[in-house]
Amino acid sequence: MAGSDDERLGEIESRLHREDPRFARALGAGRPCRPREYRHTRAWLLLALALALAVLGTGIALAHGLLIATGLVLAGMAGELFGPERDVRRHRNPPPPP
């Protein structure tokens with residue numbers, strides 16, 4: 001009975017490494033990240049950038065200062081989220097080693 005449980009766990013582990021190696025590495029290191037199915041960050045960032053550019057373009061076309069300012073602020077916020085140090089800022093205080 002114990003052997004079959006070990007075999008099942010081994011199969012689950014190998015499948016996890018095949019399907020989502022990043023999640024498996026993080027889980028092995030004790031700092032699990034979201035599985036691939038729940039990572040939609042890049043899509044949300046692109047949507048935010050598209051919205052910012054649409055608001056900015058509309059503000060320019062209508063010559064409306066408030067829309068231009070809103071579009072610039074939103075574009076700046078979206079640009080900040082695309083920055084290369086985004087992951088570093090998120091993990092600024094790592095947990096202490098065991």
Side-chain angles (χ1 to χ4, degrees):
M1 184 78 141
S4 65
D5 288 341
D6 289 339
E7 289 173 12
R8 279 191 204 147
L9 287 175
E11 290 173 14
I12 292 171
E13 182 181 9
S14 64
R15 188 176 338 129
L16 180 63
H17 279 286
R18 268 194 323 271
E19 292 176 0
D20 197 352
R22 178 180 168 207
F23 177 71
R25 278 192 311 270
L27 189 62
R31 295 192 56 170
C33 62
R34 290 183 179 176
R36 181 179 301 147
E37 299 88 37
Y38 300 109
R39 289 186 227 141
H40 301 292
T41 307
R42 201 171 300 142
W44 282 109
L45 291 177
L46 288 174
L47 183 64
L49 184 62
L51 175 69
L53 293 177
V55 170
L56 180 62
T58 303
I60 291 172
L62 297 177
H64 194 277
L66 187 59
L67 280 177
I68 293 172
T70 303
L72 287 172
V73 169
L74 288 175
M77 289 169 52
E80 179 69 23
L81 292 175
F82 274 110
E85 289 95 25
R86 181 169 185 263
D87 290 332
V88 174
R89 286 185 307 232
R90 190 177 345 158
H91 301 298
R92 196 172 298 176
N93 297 323

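Computed from a prediction, not measured in an experiment: that's the story for all the values here.
- Counting side-chain heavy-atom gaps under 4.5 Å among Ile, Leu, Val, Met, Phe, Trp and Tyr, the cluster of L47 also holds W44.
- Annotation: side chain to side chain contact (heavy atoms under 4.5 Å, CB included) contacts of A24 (sequence neighbours excluded): L16, H17.
- Here the straight-line distance linking atom CZ of R25 with atom CG of D20 works out to 9.0 Å at 0.5 Å rounding.
- The two residues A78 and A48 have their closest heavy-atom pair at CB-C, 4.3 Å.
- Put simply, CG on L53 and CG on L49 are 4.5 Å apart, with the number rounded to the nearest 0.5 Å.
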**Report entry** Verdict with supporting geometry, E13 and L9, side chain to side chain contact (heavy atoms under 4.5 Å, CB included)
**Finding:** CA-CA 6 Å; E13 182 181 9; L9 287 175; over 6 Å; no
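- Residue I60 is found in a hydrophobic cluster whose other members, listed by chain and number, are L56, I68, L72; membership requires side-chain heavy atoms under 4.5 Å apart, directly or through intermediates.
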